[in-house]
Amino acid sequence: MTINDIESLGVIGAGGAGFPTHIKLNSKPDTIIMNAAECEPLLHKDMALILHHSDVILQGFKIVMEITGAKQGIIGIKNKHPEEIELLKSKVNGNIQVITVDDVYPAGDEVTLIYMTTKRIVLPGAIPISVGCLVQNVETLYNIGLNKPVVEKFISVAGAVEEPATIIVPVGTTYKEVLSNFNITASNYVVRSGGLMMGILEDDLNKVISKRTGALIVLPDDHHCVTMYRRFSTPHATDIIAKAGCDQCYYCTEFCPRYLLGQPVRPETAMRNRMFTREDFPMLDPGNLSCCECNLCTMYACPEGLDPRGATVIEKRLAREQNLKWDGEQITVHPMYEYRKVPTKKLMQRLDVLMFKDEGQLKDININPKTVRVPLDQHVGSPAKAVVNEGDPVKKYDIIAKASGKISSNVHASINGIIKKVTPSEITIKSA
Ligand code: SF4
Ligand code: SF4
């Protein structure tokens with residue numbers, strides 16, 4: 001298999017990033033890291049994939065190692081998964097090893113995982129290849145090993161549902177249709193797609209599953225997390241709250257995983273800058289470009305219930321717009337790094353989600369949508385361009401939109417049917 005094959009299959013980062021994989025593979029790392037450190041609370045789909053499809057995943061892993069010429073492969077997995085660890089260990093040898101990491105959040109952040117598995121430190125503003133590493137999510141490797149166009153997605157359905165599960169869903173299926181297969185235990189609820197920490201609060205259940213959707217978490221409408229998400233739903237709200245309430249206690253920074261790795265991220269500075277800044281006189285800290293947006297500062301650390309993440313993200317955007325860069329030369333891991341890691345259970349307690357079942361076996365639910373709306377902008381970069389017209393018959397796996405531009409990815413039909421509608425953002429297919 002070649003990079004061109006992976007490009008034609010439309011493989012993108014399935015962990016949520018959505019970066020086209022063929023572009024990422026066009027590099028020469030010495031180490032490939034399989035990111036099996038699934039760290040969003042209540043998500044189990046990567047572990048379900050490992051238990052049921054380890055051969056395909058490892059096939060994808062070996063293909064990536066061959067294509068890039070990497071000398072070693074590392075599987076980074078949390079030590080709380082003995083069954084999956086044993087299974088993987090029984091199937092790898094030689095230059096691939098399994099390295100276990102603590103059950104902390106955000107172990108799946110690639111800069112964090114690189115440090116935890118190799119002790120290499122990615123400098124602020126740099127990417128993993130700068131330290132010879134390339135990180136690939138479990139499902140991305142599965143998609144490579146499967147060697148078929150990517151038209152389905154594994155997702156965790158969890159939260160206020162009777163039986164949480166991992167299921168496989170055709171791309172373009174609405175959330176509403178997915179959830180109709182579950183008994184929801186809340187009378188009024190909303191859905192967080194992607195994950196409690198880094199996902200998106202969705203009010204519209206007609207939104208569809210894309211190649212980067214990792215989860216649908218159902219939450220009662222009056223749940224603590226929903227209140228937090230809603231309070232900080234706009235940069236303006238974050239700005240006002242920063243100006244009103246931050247007492248500069250510094251907890252957000254003290255718990256920030258990137259700060260603890262030595263990166264110059266300072267959410268408390270971002271909050272202060274929001275307090276004193278003016279549109280025409282922004283005070284910015286380019287160190288905040290290293291924020292990975294993990295949300296730990298807002299959802300876990302801040303004792304005042306404020307939004308340091310939001311403030312840091314505003315700083316990131318402004319610093320990017322002004323082309324600011326971190327100009328230091330080296331960083332050192334914080335001496336308290338080992339002691340300030342946030343255990344997942346503690347995070348779940350803080351998020352008030354311990355009442356939900358923390359499980360997600362792979363379930364054979366046959367989701368056969370009558371209509372799918374396949375997004376053309378599922379990946380980072382330019383949307384794909386449709387190559388079909390209304391009325392065209394298509395079969396599952398047919399290409400329906402081609403990559404356009406330097407960074408883009410192909411899109412394929414996820415069901416057999418007839419093209420009903422084509423817009424610049426999505427293609428609707430009605431099943432035959
Ligand atoms: S933890 Fe909250 S109150 Fe404390 S400095 Fe950060 S934003 Fe301000
Ligand atoms: S979201 Fe907050 S805790 Fe996470 S990296 Fe950014 S500043 Fe640090």
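Each ligand, and each atom within it, is numbered from 1 in the order the structure gives.
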When you look for heavy atoms under 4.0 Å from ligand 2, do you find them on the side chain of P267, its backbone, both, or neither? side chain
Nearest non-hydrogen protein atom to atom 6 (Fe) of ligand 1, with distance, is C252 SG, 2.4 Å
Sub-4.0 Å atoms of ligand 1 with respect to non-hydrogen atoms of E304: 3 (S)
Quick one: look up the protein heavy atom nearest atom 2 (Fe) of ligand 2 and list residue, atom name and how far away it is. C297 SG, 2.3 Å
Over-ring placement of R192 relative to Y229, 6.0 Å and 45° cut-offs: yes
Which ligand 2 atoms are under 4.0 Å away from a heavy-atom of E293? 1 (S), 6 (Fe)
Is F19 atom CZ crowded by more than 12 heavy atoms from other residues, nucleotides or ligands, each under 6.0 Å away? yes
Considering only non-hydrogen protein atoms, determine which one is nearest to atom 8 (Fe) of ligand 2 and report residue, atom name and distance to 0.1 Å. C256 SG, 2.3 Å
For atom 4 (Fe) of ligand 1, what's the nearest protein heavy-atom neighbour? Residue, atom name and distance, please. C249 SG, 2.3 Å
Would you mind checking which non-hydrogen protein atom is closest to atom 3 (S) of ligand 1, with the distance to 0.1 Å? D247 OD1, 3.2 Å
Atom 5 (S) of ligand 2 sits nearest the protein heavy atom C292 N, 3.4 Å
Using a strict 4.0 Å cut-off to heavy atoms of Q248, name the atoms of ligand 1 that fall inside it. 5 (S), 8 (Fe)
If the cut-off is 4.0 Å to any non-hydrogen atom of V265, which atoms of ligand 2 fall inside it? 7 (S)
No-hydrogen, no-angle side-chain donor-acceptor test under 3.5 Å, N143 and T140: no
Sub-4.0 Å heavy-atom contact, P303 with ligand 1: yes
Ring of Y339, cation from K341 - is the NZ or CZ under 6.0 Å from the centre and inside 45° of the axis? no
Counting heavy atoms not belonging to D327, are there more than 12 under 6.0 Å from its CG? no
For atom 2 (Fe) of ligand 1, decide whether C302 has an N, O or S atom at a distance under 2.8 Å. yes
Between Q378 and R212: side-chain donor-acceptor atoms closer than 3.5 Å: no
Do the ring planes of H334 and Y259 sit parallel (below 30°), tilted (30 to 60°) or perpendicular (above 60°)? tilted
side-chain contact (heavy atoms from CB on, under 4.5 Å) assessment of R272 paired with Q248: CA-CA 8 Å; R272 193 165 61 229; Q248 290 290 290; 2.8 Å; yes
Indicate, as side chain, backbone, both or neither, the part of N295 found under 4.0 angstrom from ligand 2 when only non-hydrogen atoms are considered. backbone
Can you tell me how far CD1 of I144 sits from CD of E139, rounded to the nearest 0.5 angstrom? 11.5 Å
